[in-house]
Amino acid sequence: MLEAIGLGSLDELFQQIPASVRLERPLDLPEGVSEMEIVSDLRQLAGKNRHADDLVCFAGGGAYDHFVPAVVWALAGRSEFYTSYTPYQPELSQGVLQALFEYQSMICELTAMEVSNASLYDGATALAEAVNLSRTSPGRDRVLVSAAVDPRYVETLRTYGRGAGYEPEIFEVVQGRGGSPEVGEDVACVIVQHPNAYGLLEPARELFGLAHAGGARAIQIFDPLSLGVLAPPGDLRADIAVAEGQCLGNHLNFGGPYLGIIATRLDDVRGLPGRIVGETLDVDGQTGYVLTLQAREQHIRREKATSNICTNQTLMAIAATVYLAWLGPEGLAELGRRCVSKAAYAAERLADVPGVEPLFGGEPFFKEFPLRLPRPASEVLDGLIERGFLGGVPLEDADGHALLVAVTERRTREEIDGLALALKEVLA
Amino acid sequence: MLEAIGLGSLDELFQQIPASVRLERPLDLPEGVSEMEIVSDLRQLAGKNRHADDLVCFAGGGAYDHFVPAVVWALAGRSEFYTSYTPYQPELSQGVLQALFEYQSMICELTAMEVSNASLYDGATALAEAVNLSRTSPGRDRVLVSAAVDPRYVETLRTYGRGAGYEPEIFEVVQGRGGSPEVGEDVACVIVQHPNAYGLLEPARELFGLAHAGGARAIQIFDPLSLGVLAPPGDLRADIAVAEGQCLGNHLNFGGPYLGIIATRLDDVRGLPGRIVGETLDVDGQTGYVLTLQAREQHIRREKATSNICTNQTLMAIAATVYLAWLGPEGLAELGRRCVSKAAYAAERLADVPGVEPLFGGEPFFKEFPLRLPRPASEVLDGLIERGFLGGVPLEDADGHALLVAVTERRTREEIDGLALALKEVLA
Amino acid sequence: MSERGIGAPVRTQDPPDRRGTIMDLSRPGRRAFSLPPLDVPEAHIAAELAREGRAALPEIAERDVVSHYTRLSQRNYGVDTGFYPLGSCSMKYNPKVAESVAQIAGFQRLHPRQPDSISQGALELLWRLERALCEITGMARATLQPPAGACGELTGLLIMRAFHAKAGSQRKRIAIPDSSHGTNPASVRLAGFEAVHVPSDARGLVDVGALEKLIDEDVAGLMLTNPNTLGLFEEEIERITAAVHRIGGLVYYDGANLNAILGRCRPGDMGFDIVHINTHKTFATPHGGGGPGAGPVGVSERLVPFLPVPRVERDEATGAFRLNEDDPDSIGRMHGFLGNFGVLVRAYAYVFLHGREGLKEVAERSVLNANYLASKVKDLFPLAYPDGRPMHEFVATARPLKERTGIRAMDIAKRVVDLGYHPSTVYFPLVVEEAMMVEPTETETRETLDAFAEALRRAYREAHEDPELLHEAPVTAPVRRLDEARAARHLKLRW
Amino acid sequence: MSERGIGAPVRTQDPPDRRGTIMDLSRPGRRAFSLPPLDVPEAHIAAELAREGRAALPEIAERDVVSHYTRLSQRNYGVDTGFYPLGSCSMKYNPKVAESVAQIAGFQRLHPRQPDSISQGALELLWRLERALCEITGMARATLQPPAGACGELTGLLIMRAFHAKAGSQRKRIAIPDSSHGTNPASVRLAGFEAVHVPSDARGLVDVGALEKLIDEDVAGLMLTNPNTLGLFEEEIERITAAVHRIGGLVYYDGANLNAILGRCRPGDMGFDIVHINTHKTFATPHGGGGPGAGPVGVSERLVPFLPVPRVERDEATGAFRLNEDDPDSIGRMHGFLGNFGVLVRAYAYVFLHGREGLKEVAERSVLNANYLASKVKDLFPLAYPDGRPMHEFVATARPLKERTGIRAMDIAKRVVDLGYHPSTVYFPLVVEEAMMVEPTETETRETLDAFAEALRRAYREAHEDPELLHEAPVTAPVRRLDEARAARHLKLRW
Ligand SMILES: Cc1ncc(COP(=O)(O)O)c(C=O)c1O
Ligand SMILES: Cc1ncc(COP(=O)(O)O)c(C=O)c1O
């Protein structure tokens, strides 16, 4: 092939690179290896981890051990989906496009919101995008955040805010929830997580009422799998709803790839970040799908785009679509009831352990709840790991003597009883 | 739907079943379970097994821990392949048909034989079919089998022989190989395994020469992955070549599904059992593939068919095809050399262990070799398992004090040294 | 746009760089494989044993291996693509969870010759599955070794042979209905018997009178499916089995049609002595493009000693499982190892997912679907035996259509391809002219049945109005009608 | 048969029972999900918090879920289907082994908030990958947190901002070339800067003179890809980076085109201070239909303190790894957890599979392929900047063709679909009229390049001889040309 283009050596192909910047030595990397070797290298690394198949997982705090049915990755894992690019050539991308259209539709159904995009990176960055979407009226710049919002989300907001020009302001909560944000004319949005970072249910209607009374947008961070039993963001009158969609058929994956969900009102569609799929017709009048409203996006609008996002989390959105099709309305409701019942049972059993008590009072929760421990949570967790349990995630409250315990539909009574027993042993 | 067919109840659909044979009680089975439960049930069962990811596997004796590259099941596992039926409607089955055509072609290349079918159940049953194929001349009925043929194959032959009307006759070997079968006019075939059940290389040309001199067919049981380095059955002048194709990209699977390979001379094609794919043209003159020579098969020829086989091991043949495409000619040769070198090294290291010696003399072998142990092999194996090694398979020779050790390309020097050390400890 | 056809990927050529067989893509020096560096001294095979030259396998990079077989797969229709009503095949949906559990390392990576002590989970699985299959079929014990139904038949027939031999008799013949599946007579021959053909009566059932006359003490047994190959339940089954027992014979149940009666009745209760099961039909293990399957064989108490070895046994005292490698009366080994274990894992998953009620619903739904679909097409394609109520499948005939228009069942099948579906079985059973044997299975929706019925009806109309459409069909498949005669005449079985 | 087109599955309708969205298949009462029996007392949500009514998700059996999405997948073209020469996207083959290792439970089932002590393997993987990426790019440390390139850009720009702030300066502007990718200016805005556009010269390279004039001490830095968006190497790169450094600015390397220079030269050695990498381009992690990706960002020594937290740190004494959750100068967190870990596992597999020589060969082969393909088509589709030697991709133009025939780059692209291929990027970069940006990647064979060149040449000929073919195209895809204007006018964004 070199000959065919009239060259004598590969080096000639790289002649434009000035000698002064050429790398004249091999990269300081190991030599390439065979497939067999890379597999055993990675098996070895994986073997140094404990994981949710080998420990009973009560950890949550933004990522949950919900069941992933086999259909999800049997389908989302088909190579026509996962080896394709962003559907810029719609005629060859109807599979991805239609799946995303279905995703958008299901997110709307789930949230009772009017419009969804086709995914963002994850829950935390989706929140940052929601804030940008809310900060469009001049003079309305401030961002109020409940103290019961996941600290990781707040930290992410703080980072993004440095560029966007805001500093998230925290408003206090009482016994882990509620609070009374003062929503003045300079406030762009009020952010509430419901269920919140303690797992507790918020008086979301009231908080959103305060936001609206002050003319600000209400942003809710929701848990998609709570929406079989909890009133959805649309019914609570949230203006923008964002979520971490990992729970919808995506694996724990040590934190990613996850799925950023954002949904809002139709009024705001032109402010939405990221890709949106729309239905249309082909020249024969047959239904088809395309990326639409691209004038919002960076590749058309450049510095005026609503966001810089380009590559998103399409495959996770497809997985979520398959998962929701598998779950259906009854499944969603039943799964929600399971979480509620199992978490309630676990809270009771764990609070029976001597020295353990609820972090706050008897606030309602969904699938996760906070406990106060007589010893630092991180120590206790180590003891639980020795006994085969990933017992929760530590909270910074109560000087680190607090533990957040998540109970999904996967956890059995036996496992919950086992955790209570192990906790008793560890604390004995 | 019942209404649409004018029925009032499901029971009416089953009215033809005489009351006297109706099952009037529920089946004595557990109630159905959810996907979550079946997964944890099966995980639990699987957890009671040790396996070749968790022990270093030197077991062979007909099933081998060769490396299965990721491409194999990424492709053979595509649902269009695995959820389809036998390609009776060729227009909708070109994928399976062409893959099988490629399989047949590759088996011919591998073995230097002229024709291959599209798979049989496994190596042992392929041998039984080969014997049937050889027993077509009236008066030539006897079946001579080397004593160094895998006992499982011989047992299978014995079973099939009860129906077909022969009793396999074993001819003795000397120091684990060779022998001198007396091939009279009543002998249909002489069966030699090369490499044999001890892993040793046979004087196959000579043995087949004896068969041919007596007018019998020479049947070779071969190891597909030996054929990068060993002369292929066709070159050795075998008339029928059969093999266990598990090693070609199929998992160990506790013994199945595996792949029965059979290849022979074109002369014998009408006697071949099972499906055969042929190339042809469609009405537009475009190349396509169909099942051909179906007049040999049970669904056309019924009691006159060459075999009763219907469902075969197509998917395993597709996996083997992908594997061989991945391996290529260089890979086949290199992999063979690896086996030879690693097995030679292992034989040396293990024979150095005090009390251990080669079962026979210095006979050449491919990837497997037999050792004589100072203690019963099954005891020794248990000790090795405790140390993380599946050390081989026991042989009945030497009063059960013999061990067959297989060394594939996957085994590292470190693992081999580790086995030698463990063996030393166990025997100490 | 004119509607050429619907559903199937339309016939089209691959671009030049993706055309042909994998060998056509081969170029010297390319490769996909990789191996670690050799870490031991190099050893060699003696020259006289060594291969000369090399095997001409394709030389090709991984990227092209993947693209080639991905494209091939797309030229194939599977259950996951859509409706697949092949009669006698029970092409139901294969649950994905069964695929995923079969891939657990603790099953997939087990060596068949590893000691029983470290295979307890696998042996327990086989034990439990055996118990469940025995309960479902009404048998005492079972072997899970046969890798497919045909091998199960041979196993059963060899058991018959051993049973009679043990009793000192050398019976030579096996009775089979004229509508039986080809594997039945073929297995009969392989087992060293001769087949005696039992005629059907006008209702499509075994002519019991004829049977009673036909069989004598040289008959080792009878093979039967029930519902039979016409999808009809043998109502006189007890008379049939009694007749065979009366002459000292055994009755074999070909389980291909077991789907229809799960939890409703059991071969054992009908008097059958031996039963094979096609897990790749009844228990939804995928067909794999033609295999692998599994053909477990259950037997009644008196035949247990003859079952193949190895058998899984449970020590009642310790609860431990072990493989019993020999038993004096056993017919011996039917497979190199334990049969298609990986398939049996899937069957286990299916059986226990469904459980007692679920399996019964499978039967009910499959029979309902077949009857519903039959009701929607039988005015045009009459049932071969209109008096009987079909069970899980029905056999219709295109004979009247052919007589009127010349359009054959095969043409209908090919047109159905263009209309978006896999056609039914055609020309089986051989006793029915222009047979169309339709088995919708329980996993299909009413919408699918309606749409398929409409496809058949449309093809029927077109046979009258635009027969060219049917003669030309398929035009939307990857290839058009293939010349099978040419394939047999100009044998090209390899590149 | 007339050759309508080759390669792509031909446009066809699904049969009625498989048509429409998943919601069209919904029927009351159907379900796929299953749950174990409830084994604890039932608890409830207080009524005032509870959902009224239910979410109208589809009700559908698993069998139909599977068939629906299987069919959808078949309406999609991926790298596994064939050639996918989208410029700027590096649509190379994604090794299957990387997929399989990412599915090991010890990676896939790790909870992001589990203690470091039980995540040592995962942290070590991230650490090793970080070291490797730093070596490849010539950077000191890197964050693996950004989930895609655009987020990497924002990360880099926020680091610039923090760097200047730390030095007490509030620079407001970022220089970017006019040919830059849309994410660059968008990120500039999100980071609170204004974009200053740097013109290209006649050779398609940065006009260095203009740049030098344009930038002053209000400019925080410059963003650049090299090879640039036109596929050309910025030969004066050292002058460029020096100029920016001279005014106290930082230089950002957009790594979308890193593929071209792997092992041949390094952004760090050219004077870049910050580099992002698109693992889903250069390191073959699959694009997933648009994501997920990963956009690690490397920085030079002086910028290390500003990198996001958490960072993986290694205790030199014990060799243990831990997450450092805060650092006073850090810009903070860019992602809820550690970024797209599962993607990074794949990138790790790719980098270490290839190793030092392999990565260099990737660059060489990708540049060779692009040059070879360019040489085969540039007589018909001239290079936008014919004087430069393209690297891993080239930008050609259909302008002459359009002037002569009215056929546009878009028409060529659609005709290429009918000829069996995914077309190249068109209309990017915006600075080139009728741009066709072709990136063949290193994993494609000469046969593919030849065949694709021939497809372009054929389309060119047809533009003259049979332009209808191009206007009508595609006719073999699942749909024909779609009305994008209508989609935007009659917004239908959900069912
Ligand atoms: C009635 C009947 N019997 C036996 C068989 C043979 O079963 P297998 O294909 O599993 O060998 C079949 C398979 O099609 C069948 O339909
Ligand atoms: C030149 C260039 N820069 C940046 C990006 C953005 O990267 P990502 O899509 O990963 O966010 C792209 C992606 O297309 C690109 O081509």
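Only a predicted model underlies this, so the values are computations on that prediction, with no experimental measurement involved. Naming: A, B, ... by sequence-line order, numbering from 1 per chain.
- Considering every non-hydrogen atom in both C/H181 and B/C310, the closest pair reads CE1-SG, 4.0 Å.
- Distance alone, capped at 3.5 Å, is enough to place a donor-acceptor pair between the B/T159 side chain and the C/R333 backbone.
- With hydrogens and angles left out, the side-chain atoms of C/N184 and B/Q298 include no donor and acceptor closer than 3.5 Å.
- With B/R338 contributing its side chain and C/P36 its backbone, the two residues share a donor-acceptor pair below 3.5 Å.
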Start with the C-alpha distance between C/R109 and B/D54, add both sets of side-chain angles, then the distance that settles salt bridge (charged side-chain N to carboxylate O under 4.0 Å, His left out), and finish with yes or no. CA-CA 9 Å; C/R109 299 277 292 133; B/D54 122 63; over 6 Å; no
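- In terms of modelled atom types and a separation under 3.5 Å, the side chain of C/R51 and the main chain of B/L227 share a donor-acceptor contact.
- Looking at B/V39, both its backbone and its side chain come within 4.5 Å of chain C, counting heavy atoms on both sides.
- Judged purely by atom type and a 3.5 angstrom limit, B/N308 uses its side chain to pair as donor or acceptor with the backbone of C/A150.
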Go through the steps to decide whether C/D269 and B/R22 satisfy the test salt bridge (charged side-chain N to carboxylate O under 4.0 Å, His left out), and finish with yes or no. CA-CA 8 Å; C/D269 299 336; B/R22 283 188 209 144; over 6 Å; no
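- For the residue pair C/R494/B/S105, the side-chain donor-acceptor check at 3.5 Å is not satisfied.
- Using a 4.5 Å heavy-atom cutoff, the side chains of B/L27 and C/R266 are in contact.
- There is a side-chain donor-acceptor pair under 3.5 Å between C/H335 and B/D122.
- Side-chain contact between B/Q89 and C/P423 is present, with heavy atoms from C-beta onward closer than 4.5 Å.
- Only the side chain of B/T125 comes within less than 4.5 Å of a heavy atom in chain C; its backbone stays farther off.
- Neither side chain, C/E484 nor B/T292, offers a donor N or O lying under 3.5 Å from an acceptor on the other.
- One side chain, C/N76 or B/S84, offers a donor N or O that lies under 3.5 Å from an acceptor on the other.
- Under the 3.5 Å distance criterion, the side-chain polar atoms of B/T83 are matched with a main-chain donor or acceptor of C/V79.
- Looking at B/L201, the atoms closer than 4.5 Å to chain C (heavy atoms on both sides) all sit in the side chain, from C-beta outward.
- A donor-acceptor contact closer than 3.5 angstrom is absent between the side chains of C/N340 and B/Y121.
- A salt bridge is absent between C/R480 and B/E91: the closest approach of a Lys/Arg side-chain nitrogen to an acidic carboxylate oxygen does not fall below 4.0 angstrom.
- With chain C as partner, the option from B/H299, B/R158, B/K342 having the largest number of non-hydrogen pairs under 4.5 angstrom is B/K342.
- Taking the six-membered ring where tryptophan is involved, the planes of C/H287 and B/Y85 are tilted, since the angle between them lies from 30° to 60°.
- Taking CG of C/L38 as the start and CD of B/E409 as the end, the distance is 12.0 Å to the nearest 0.5 Å.
- For B/Y88 (side chain) and C/L86 (main-chain N/O), no donor-acceptor pair under 3.5 Å exists by modelled atom type.
- Contacts of B/L2 with chain C are made by both backbone and side-chain atoms, with heavy-atom separations under 4.5 Å.
- Formation of a donor-acceptor pair under 3.5 Å by the B/Q16 side chain with backbone atoms of C/R389 is found in this model.
- With C/R356 contributing its side chain and B/D28 its backbone, the two residues share no donor-acceptor pair below 3.5 Å.
- At distances below 3.5 Å, at least one donor-acceptor pair connects side-chain atoms of B/N49 with backbone N or O atoms of C/G106.
- At least one side-chain heavy atom of B/F254 sits under 4.5 Å from a side-chain heavy atom of C/L338.
- For B/L75, the part sitting under 4.5 Å from any heavy atom of chain C is the side chain, from C-beta outward, and nothing else.
- Without hydrogens or angle criteria, B/Q98 side chain to C/G20 main chain gives a donor-acceptor distance under 3.5 Å.
- For the salt bridge (Lys or Arg N to Asp or Glu O under 4.0 Å) test, no residue two or more places apart in sequence or in another chain qualifies with B/D382.
- Residues C/Y69 and B/E102 bring a donor and an acceptor atom of their side chains to less than 3.5 Å of each other.
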